[in-house]
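Working notes for the structure below.
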Amino acid sequence: MERIERRACFGGWQEVHRHRSKAVDGEMRFAIYLPPQAAQGNVPVLYWLSGLTCTEQNFITKAGAQRYAAEHGLAIVACDTSPRGEQVADHDAYDLGQGAGFYVNATVAPWSQHYRMYDYVAHELPALIEQHFPVTKKRAISGHSMGGHGALTIALKNPGRYSSVSAFSPIVAPSRVPWGEKAFAAYLGSDRETWRAYDAAELVKTANEKLPLLIDQGDADEFLHTQLQPGLLQEAAKAAGHPCELRMRVGYDHSYYFIASFIGEHVAYHAAAMHP
Ligand SMILES: N[C@@H](CCC(=O)N[C@@H](CS)C(=O)NCC(=O)O)C(=O)O
């Protein structure tokens with residue numbers, strides 16, 4: 001592992017590292033914010049998953065989360081959204097291939113060789129973070145859009161692993177919307193049964209740990225009615241008796257201006273769950 005960025009930020013450190021990932025069989029980058037409290041002892045970790053087209057940079061440069069992480073004594077880890085490199089399969093479209101890993105383990109060639117972002121985020125990354133940084137084993141997970149889908153599905157699939165989960169403008173039913181249908185058909189193949197394992201609106205029906213789902217969604221989001229449709233998760237959660245709070249925010253769109261406006265509330269929410 002090699003540290004490639006380190007900047008002082010709100011009394012702590014914003015760092016970026018690169019390392020060889022077994023899960024994706026290639027180099028991955030992640031950002032980690034270490035709050036001032038990490039100089040004194042171990043701190044809990046919020047994992048952040050970004051959306052389409054993002055790298056580890058978007059969240060750390062645009063969301064303004066560091067000030068809240070410093071206040072609450074949380075580390076925040078933000079990873080890249082796919083494997084990268086010339087040897088890694090790609091597509092011209094922004095919503096498939098590099099920058100669009102969808103947090104699944106691809107089973108179909110050519111994607112199956114490197115696109116194993118589910119294993120990377122759910123298993124390899126936390127093990128690496130817990131080995132090398134001053135952190136506890138308390139974890140929370142959140143994300144935006146494709147990353148909101150990643151956060152919800154990874155939390156639902158791993159009972160006991162996260163103290164809390166939240167999402168901004170998530171893709172909640174990828175099997176039923178164009179972004180998800182395109183990516184899942186490519187990465188998982190045409191048998192839609194296999195898609196259910198990565199669909200929050202399906203997973204919530206059978207989740208035995210009822211970890212509350214917190215969602216913030218702008219009502220002026222240009223993708224709300226086509227790609228996101230949070231009501232599909234809200235209805236499925238209600239039918240399953242799974243707590244789900246959907247907060248519609250008047251006037252906000254899909255951008256990081258929206259995330260920056262409410263990230264403080266999400267950091268406080270995760271801090272309360274991890275520092276009981
Ligand atoms: N139409 C957009 C879709 C991509 C998009 O909105 N990406 C969101 C996540 S789904 C994002 O976070 N973009 C990067 C940024 O705003 O910094 C594009 O072509 O770039």
Side-chain angles (χ1 to χ4, degrees), residues 5 9 14 16 28-31 33 46-66 76-84 90-104 115 117-118 120-121 141-154 165-187 198-201 214-230 232-233 246-249 251-267:
E5 287 185 29
C9 188
Q14 179 62 64
V16 176
M28 287 296 293
R29 290 184 181 204
F30 66 84
Y33 177 69
L46 170 61
Y47 289 86
W48 174 266
L49 305 179
S50 290
L52 292 166
T53 75
C54 291
T55 67
E56 82 292 343
Q57 291 290 325
N58 299 68
F59 180 76
I60 63 174
T61 56
K62 291 182 164 181
Q66 294 93 343
I76 304 185
V77 171
C79 62
D80 202 349
T81 55
S82 76
R84 303 272 179 184
D90 200 6
H91 192 280
D92 288 342
Y94 75 92
D95 53 1
L96 192 64
Q98 296 187 31
F102 269 86
Y103 306 103
V104 303
Y115 284 72
M117 288 298 289
Y118 174 80
Y120 181 70
V121 172
I141 191 162
S142 184
H144 173 229
S145 196
M146 174 182 74
H149 141 75
L152 293 168
T153 54
I154 289 169
V165 59
S166 74
F168 289 82
S169 352
I171 303 168
V172 301
S175 308
R176 288 183 270 171
V177 302
W179 274 341
E181 289 181 305
K182 178 177 178 176
F184 284 10
Y187 300 149
Y198 296 108
D199 186 313
L214 173 65
I215 296 175
D216 267 294
Q217 172 65 57
D219 77 348
D221 185 323
E222 55 276 37
F223 302 112
L224 175 57
H225 302 293
T226 48
Q227 309 282 8
L228 308 177
Q229 303 189 45
L232 294 174
L233 179 59
L246 171 60
R247 306 194 292 211
M248 294 303 297
R249 303 293 194 174
Y252 289 88
D253 68 12
H254 196 65
S255 70
Y256 266 89
Y257 293 102
F258 169 53
I259 298 169
S261 301
F262 298 103
I263 193 69
E265 292 183 29
H266 283 238
V267 171

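Note that ligands are numbered from 1 as they come in the structure, with each ligand's atoms numbered from 1 the same way.
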- Cationic tip of Arg249 above Phe258 ring, under 6.0 Å, 45° of axis: no

- Kindly write out the residues that satisfy side chain to side chain contact (heavy atoms under 4.5 Å, CB included) with Glu5, not counting sequence neighbours, or none if the list is empty. Arg7, Val16, Gln57

- Kindly indicate whether the side chain of Tyr187, heavy atoms from C-beta on, has any atom under 4.5 Å from the side chain of Tyr198. no

Hey, what polar pairs (N/O, under 3.5 Å) does ligand 1 make with protein?
from, atom 1, to, atom 2, distance (Å)
ligand 1, 7 (N), Leu52, O, 3.0
ligand 1, 17 (O), Asn58, ND2, 2.7
ligand 1, 17 (O), Lys62, NZ, 2.6

- Residues forming a side chain to side chain contact (heavy atoms under 4.5 Å, CB included) with Ala173, sequence neighbours excluded: Arg176, Asp199, Ala201, Leu232

- Item | side chain to side chain contact (heavy atoms under 4.5 Å, CB included) partners of Val177, counting only residues at least two apart | Ile171, Gln227, Gln229

- Are the side chain of Tyr33 and the backbone N or O of Ala65 linked by a donor-acceptor pair below 3.5 Å? no

